[in-house]
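Below is one structure; the comments refer to it alone.
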Amino acid sequence: MRQGVCLALDVADLLEQGEGQSFERPFGHNIDPGRLFAWAGATASWPIRAEPGGSRGLDDYFIRDFSHNIGAEIMGRNKFGPQRGPWRDHEWRGWWGDEPPFHTPVFVVTHHKRPSFTLSDTTFHFVDGDPATVLAQARQAAQGKDVRLGGGVTTIREFLDADLVDTMHVAVSPVKLGSGLRLWDSPQQLLGRFHMEVVPSPSGVMHHLFWRK
């Protein structure tokens, strides 16, 4: 029985998290989301595709699998929004508008709680606690399905350090950020606890797959 999380970092994942996050630049001032997400947006299964068509193959498989058997999500506060410290604007309800893409309960880890709210079929809960405590809440909400840890980098590191990750998929886009928070210096650092396979895609993305030993 799994004791940790099925970790899938969002669909265009970062070795680094950019600096200068703002309402206008959710990934930081030095990141072009169009370039970062290009591989995912080109797939036939990209959920917000506006036109028919799109690529099939490896990248499309991972996009189709992204939400498979996910019952809850955990994310850090900086993924939810750019505000820091006590909440000044309770009208802010995330980057995703009235139809968030999660379709599950989402647990936002923060030292500054605020009331839960629901948008469409996604309910956001704001929780303060160590990784094991937050995971216990998310697992209860997931009702036997997997819990996805969606980022950002600091939150992912905390769960890895607490040894609460079972599987992990990191899609590394060939985009140099230059500065920010790094998920790792090298994926080799995880080989004491995880098996790893690196699968290249024709799009230029490298899919890093980890699972517990």
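We use all heavy atoms of the structure for the numbers below, so side chains are in, but hydrogens, waters and symmetry mates are not.
- For residues 196-209, no residue pair satisfies the salt bridge (charged side-chain N to carboxylate O under 4.0 Å, His left out) rule, not counting sequence neighbours.
- With sequence neighbours excluded, no residue forms a ring-ring contact (aromatic ring centres under 6.0 Å, His included) with Tyr61.
- Remark: Thr118 pairs with Thr123 by the side chain to side chain contact (heavy atoms under 4.5 Å, CB included) rule, at least two apart or across chains.
- Glu99 is linked by a side-chain hydrogen bond (donor to acceptor under 3.5 Å, both in side chains) to Ser120, counting only residues two or more places apart in sequence or in another chain.
- Annotation: side chain to side chain contact (heavy atoms under 4.5 Å, CB included) contacts of Ala162 (sequence neighbours excluded): Pro131, Leu164.
- Residues forming a side chain to side chain contact (heavy atoms under 4.5 Å, CB included) with Asp128 (at least two apart in sequence, or on another chain): His111, Lys113.
- Applying the salt bridge (Lys or Arg N to Asp or Glu O under 4.0 Å) test to Arg193 and every residue at least two apart in sequence or in another chain returns Asp163.
- Among residues two or more places apart in sequence or in another chain, the side-chain hydrogen bond (donor to acceptor under 3.5 Å, both in side chains) test is passed with His208 by none.
- Aromatic ring pairs are classed by plane angle as parallel below 30°, tilted from 30° to 60° and perpendicular above 60°; the pair Trp87 and Phe80 is perpendicular.
- Annotation: salt bridge (Lys or Arg N to Asp or Glu O under 4.0 Å) contacts of Arg56 (sequence neighbours excluded): Asp60.
- Looking at residues two or more places apart in sequence or on another chain, you find a side chain to side chain contact (heavy atoms under 4.5 Å, CB included) between Gln188 and Ser186, Leu191, Met196.
- Under the ring-ring contact (aromatic ring centres under 6.0 Å, His included) criterion, Phe194 pairs with no residue, sequence neighbours left out.
- Partners of His103 by side-chain hydrogen bond (donor to acceptor under 3.5 Å, both in side chains), not counting sequence neighbours, listed by chain and number: Asp121.
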